[in-house]
Amino acid sequence: METTEVPFLTAATETSPTAAKLSAGAASLRRKPPADPSTLEHRRLRGGEFWRAIPKYRDVDEATFLDHIWQARNSVKTVDELLDTIKDFADPRFIDDARAGFRHSPMSVRVSPYMIACIDWTRPYEDPIRIQFIPLGSRQRPDHPRLVLDSLHELDDSPVPGLTHRYVDKALFLPLSTCPVYCRFCTRSYAVGLDTDTVDKVALAKTSREWQAAFDYIASRPELEDIVISGGDTYQLAPRNLRLIGDTLLDIEHVRRMRFATKGPAVMPMKILTDNEWVEALAAVAERGRSLGKDVVLHTHFNSPNEITQITQRAMARLASLGIFVRNQSVLIRGVNDRPETMQLLVKRLSWINVHPYYVYMHDMVKGVEDLRTTIATALDVEKFVRGATAGFNTPTFVCDAPGGGGKRDVHSFDYYDRENGIAVYSAPSVKPGKHFVYFDPIEDLAPSAQSRWRHPRTAEAMVAEAIAAAGGSRGYVPA
Ligand SMILES: *Cc1c(COP(=O)(O)O)cnc(C)c1O
Ligand code: SF4
């Protein structure tokens, strides 16, 4: 810029009587105009006693609402509890719709009062938080024909109960199977939550005695440097168990990095403010990690900018003051964050409260929630809009956890993408060399001609084979 403009200005100075004016004008051209106030939207966080708008919480004071035990006790688990909480705030047709949704859901339902209070009950059908937690009969779509339970094949890569060792130097430890809320889209609906009418859950290791097998395995594998402690959700770990897991792993010399994964900060930030024992246990593990030169961080899971309030900001400030670094992993969900502007707002709001956006996942191919998935093409568009909006280190990588156990792949790195039929083919040379993994876009998002091709199993089979061939061969194809 500078080098091309300077000679022009010099020439103008020599020839024009209004040169001085022009040159002043040109200098101001280089100054950026003031930012539109809408660019600061991410800093506008909901505050005050917003929960009092919910009939059941009308008389709940701040101390009660911030009490994590009150939050857990008052979580909504049935349609009748929902009705009792929101009363006639929602249309009776909506309640009937929820009744049908709860009946067919593969996940148990549990919604914290905080989340209930963050829902805009005047527009429950469109609300991004309602979409994540409260199933509706009317929104159900048929599952994709290529969908299976445990689409990530976590059970295939599991050497001992509750541990998945897929990548060379990192492992996923699942010490428990409960969560502070249950998300409709949960990848681990094969194991997480209670058995439901449609799914019998796989048992994970749930007691410290059962965890020993996982600890022994980790200790026996010198290549394991990085342990993700997930679940379920580590919010549900008793403080002494959080310390036990943290200390045991820190004691293993080759374990260098540890992440406690919890959706908690997004759905019940008050625990960070009022469950001192839990926060102190986490801080103690992080501090001991620092003294050993090891990295102990928290990974959380915000999906919608509406989940972030002034309560969240206070909770994250407390973690920051304790030196606990927080990263975020979102799932790209239809109607929640699949508009580029919404994802950009989420990313900027997370950055504002000092949570680093790490990943945005393609929605896994999970049973019973086909209405929540989006296409790879949508992910590419959203990513393009987000990149450049803020610091590169706060810009999430969009990944597809390849069905069949290929692990996370940058969404852009497909070997072939048949946009028309919604078939993306990935390979993962450092995880499962020589194999292909296929992700399928939701069928209802395809053109009518493509939809009708999917209705014929033979044609569908041929389309998949063609896409794999175009990606470079069918050797070792792992069916989704
Ligand atoms: C996601 C995941 C990890 C961690 O992967 P990162 O890309 O380092 O975040 C580890 N093990 C399994 C099985 C996973 O699914
Ligand atoms: S909190 Fe995590 S593990 Fe629990 S239901 Fe939600 S997505 Fe699944």
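Atoms considered below: every heavy atom in the structure, side chains included; atoms not considered: hydrogens, waters and symmetry mates. Each ligand, and each atom within it, is numbered from 1 in the order the structure gives. All values derive from a computational prediction rather than experimental measurement. Index from 1, following the sequence.
Proximity of Cys179 to ligand 2, defined as any heavy-atom pair under 4.0 Å, is confined to the side chain (atoms from C-beta onward). Contacts between His165 and ligand 1, counted as non-hydrogen atom pairs separated by less than 4.0 Å, are absent for every part of the residue.
In this structure, a donor-acceptor pair under 3.5 Å is present between the side chains of Gln132 and Asn303. With no hydrogens or angles considered, a side-chain donor-acceptor pair links Asn394 and Ser351 at under 3.5 Å. Side-chain contact annotation: Thr78 with Asp80, donor-acceptor N/O pair under 3.5 Å absent.
Close contacts between ligand 1 and Thr164 involve ligand atoms 13 (C) [criterion: under 4.0 Å to a heavy atom]. Those atoms of ligand 2 that come under 4.0 Å of a heavy atom in Gly232, given as number and element, are 3 (S). Interface of Tyr358 with ligand 1, defined as ligand atoms under 4.0 Å from a residue heavy atom, comprises 6 (P), 7 (O), 8 (O), 9 (O).
Below 30°, between 30° and 60°, or above 60°: for Tyr125 and Phe94 the angle between ring planes is above 60°, a perpendicular geometry.
Glu277 pairs by the side chain to side chain donor-acceptor pair (under 3.5 Å) definition with nothing, not counting sequence neighbours. Remark: Asp216 pairs with Gln212 by the side chain to side chain donor-acceptor pair (under 3.5 Å) rule, at least two apart or across chains.
Of the listed residues (Trp70, Phe50, Trp121), just one forms a ring-ring contact (aromatic ring centres under 6.0 Å, His included) with Tyr57, and that residue is Trp70.
For atom 7 (O) of ligand 1, the nearest non-hydrogen atom of the protein is Tyr359 OH, 2.5 Å. At the top of the distance list for atom 12 (C) of ligand 1, counting protein heavy atoms only, stands Tyr167 CE1, 3.6 Å.
Geometrically, ligand 1 and Arg259 share a nitrogen or oxygen pair separated by less than 3.5 Å. The shortest N/O to N/O separation between Lys408 and ligand 1 falls below 3.5 Å. Taking any N or O of Lys170, backbone or side chain, at least one lies under 3.5 Å from an N or O belonging to ligand 1. Considering backbone and side-chain atoms alike, Tyr361 places every N or O at 3.5 Å or more from each N or O of ligand 1.
A donor-acceptor contact shorter than 3.5 Å links the side chain of Ser158 to the backbone of Val160.
Counting backbone and side-chain atoms alike, Cys186 contributes an N/O/S atom closer than 2.8 Å to atom 8 (Fe) of ligand 2.
Considering Ser230, Cys183, Ser108 only, the shortest heavy-atom separation from atom 5 (S) of ligand 2 involves Cys183.
In this structure, Arg409 fails the cation-pi test against Tyr426, since its NZ or CZ atom is not both closer than 6.0 Å to the six-membered ring centre and inside 45 degrees of the ring normal.
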